[in-house]
Amino acid sequence: MRFSQMLIPTLKETPSDAEVASHKLMLRAGMIRKVAAGIYTYLPLGLRTIKKVEKIVREEMNRAGAQEVLMPVVVPAELWQESKRWDFYGKELLRIKDRHEREFCLGPTHEEVITDMVRGEVRSYRQLPINLYQIQTKFRDEIRPRFGLMRGREFIMKDAYSFHATEESAEAEYKNMYDTYCRIFERCGLKFRAVEADTGSIGGSFSHEFMVLAESGEDAIASCDSCNYAANVEKAVARSQRYPPEEREAEKPVQRVETPGRKSVEEVTGFLKISADKLVKTLIFKADDRIVAALVRGDHEINEIKLKNILNAKELVLADQTAVEKATKAPSGFAGPVGLSGIEIYADHAVEHMANFVVGGNEKDIHLINVNTPRDFAVKGFYDLRNVVVGDHCPRCDGKLELHRGIEVGHIFKLGTKYSEAMKATFLDEKGTDNLMIMGCYGIGIGRTAAAAIEQGNDANGIIWPIPIAPFQVIVLALNIKDEQVKEAAEKIYKSLIEAGIEVLLDDRDERAGSMFKDADLIGIPIRINVGAKGLKEGNVELKFRKSPEVSLVKLDNIVKKVMEAVAA
RNA sequence: CGGGGCGUAGCGCAGCUUGGUAGCGCACCUGCCUUGGGAGCAGGGGGUCGGAGGUUCAAAUCCUCUCGCCCCGACCA
């Protein structure tokens, strides 16, 4: 392609509504433009990268034995009603009606559609296993779309669904997809980590997320410094830390203390001059229709997902002020477990090992000190209710946990029979009996993967693409296109590179050198060739890699060979 | 959904307090000049001031409503 003929509207200034590097740079590099909140148009340069990511995904999925299909974006309500997700998926599911007032939704994911198709077409164990995938536009009406392609409402996703006759087969495919995903993200040139994850609204028995490591990531991940354990913080197991009994202080008598207006952990610990690990927070939750209390140490954070799973609740929200007052008979801020009647109390493991701690008094402006359990209150049980913190023991070995941030670019689930059961997807085994198909599903955010690559590769001048997903592998700058020699040499290199199968962009614009350098850096093409009068006098052009500052002189006749080597490397 | 902020030319913004000719920089077009890190000069095009209603002789500016967008929150008692 020629720069002069391609729509690459680069911006000198950063649009004011962009926050993270990938969003700013995709806008500045002329790759995307916003149409509405969380909805974007891909411009030629942006689409090239999207297509390259898709190509890698497609090649690896095909290699893994999956077959490509394409399902509709608009899905009839009945399918979603059949799986019960019409009611459970919530507001993220964009519902629409056609002219006959029939209900549809825009597909946010396609378990229902694929299961419906497969149950109609697959009857025998002989046809299993099968893995079907598509690369398609999804719509999820996110509460708060942000960060450009990172969390859009409309986005391109590769989603795959596998169907199996046996658990072993399903698990073998899960492993196959795990390995395939590793290959995909390696080929994209990304630093990533596969972590154990919660299954969330998709459901299923176990799952892994593929996280691109980046400080701007929305997810926190915990990983062990000595073994290969890694998990999303939502899921990471906080190991109960047991102290030998002799280390526990002798129990002292409970005392009421006045703590006027002190509600938060900081206020109470500051007022009483104690550290946060001597206090126990009491959080009142509404789990479906019941009220429960959860206890965690003052310096720990409750993990609602863990609590929700323990309670087996469909919906879990923090109770509002009225409910808190009703449950504790005190204004919010003074809740505590002592004398709390009529509601179940769930405590974090860490609370079990505390002695003489501080809790709310269930009375305005009162806290209790030197509280102990089980002496002063009973709990339903001790569970893992909190988020892990740096330095926690690894649940698998004696190592310590570290925390990092990541961008979720892929997610694989072993679904089991959740959908096949709801939608009666069955097959006949060799004995002629009906069985539920066992399913797996596997997703990759295509646009998010591209955005994640930018989060991982950028500097003050712009994007630094990994070669495999760069919109072009090489950019040739004709520094002063009006100089016939320069023009001729640049054209010749351009044509030779095309013949050699290289993806090359020729900057043939009548621009000053400075502008060309700035644009080339901004759009992040990995390999740059500067063709200028200065070098040509000696028969040289310059070879420069985006990721390093060095410039090397290369003889005109050698440049194609050099570039081929660099691309292959 | 709660709180805050912003909508003025393609982009970034000023003007609004105190109503009275719609401006600046970049980008764009023409010409000259220039050509190795976003040059310079001259000329030029482009705006229902998000939308609707109201107050007023007069509204980008004041009032009401509305739409859109951004940020924070919607767990830490």
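Here is how names work: the chains are called A, B, and so on, in the same order as the sequence lines, proteins then strands, and each is numbered from 1.
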Kindly check if the number of other-residue, nucleotide or ligand heavy atoms within 6.0 Å of CD (E258(A)) is above 12? no
Rounded to the nearest angstrom, tell me the gap between atom CD in E304(A) and atom C1' in G73(B). 14 Å
Does L477(A) reach a base, just sugar-phosphate, or nothing at all? Heavy atoms under 4.0 Å. nothing
Measure NE2/H300(A) against C1'/C76(B) and give the value in whole Å, please. 13 Å
N/O donor to acceptor pairs below 3.5 angstrom from side-chain atoms of residues 8-19 of chain A, sequence neighbours left out:
unit_1 : atom_1 : unit_2  : atom_2 : d
T10(A) : OG1    : D519(A) : OD1    : 2.9
D17(A) : OD2    : K34(A)  : NZ     : 3.1

State whether the distance check finds a donor on one side and an acceptor on the other, under 3.5 Å, for side chain R528(A) versus base G36(B). no
At 4.0 Å (heavy atoms only), tell me whether F334(A) reaches a base, stays on the sugar-phosphate, or touches nothing. sugar-phosphate
So, with a heavy-atom separation below 4.0 Å from RNA chain B, the residues of residues 553-563 of chain A are none
So what does N461(A) touch, heavy atoms closer than 4.0 Å: a base, only the sugar-phosphate, or nothing? nothing
Distance, rounded to the nearest Å, where R146(A) contributes CZ and A74(B) contributes P: 11 Å
Atom-to-atom span, CG of D510(A) to C1' of C29(B) - whole angstrom: 15 Å
Classify the side chain of K281(A) and the base of C76(B) as holding, or not holding, a donor-acceptor pair under 3.5 Å. yes
Between E142(A) and R151(A), does any side-chain N to carboxylate O distance fall below 4.0 Å? yes
Partner set under side-chain hydrogen bond (donor to acceptor under 3.5 Å, both in side chains) for D365(A), not counting sequence neighbours: none
For nucleotides 3-13 of chain B, print each protein N/O atom paired with a nucleotide N/O atom at under 3.5 Å, atom names and distance only.
unit_1 : atom_1 : unit_2 : atom_2 : d
G12(B) : OP1    : S16(A) : N      : 3.1
G12(B) : OP1    : S16(A) : OG     : 3.4
C13(B) : OP2    : S16(A) : OG     : 3.3

K326(A) atom NZ is separated from A77(B) atom C1', nearest whole Å, by 19 Å
Would you jot down, in residue-number order, the residues of residues 356-374 of chain A having a non-hydrogen atom under 4.0 Å from RNA chain B? none
Under-3.5 Å N/O pairs linking protein and nucleotides 42-47 of chain B:
none

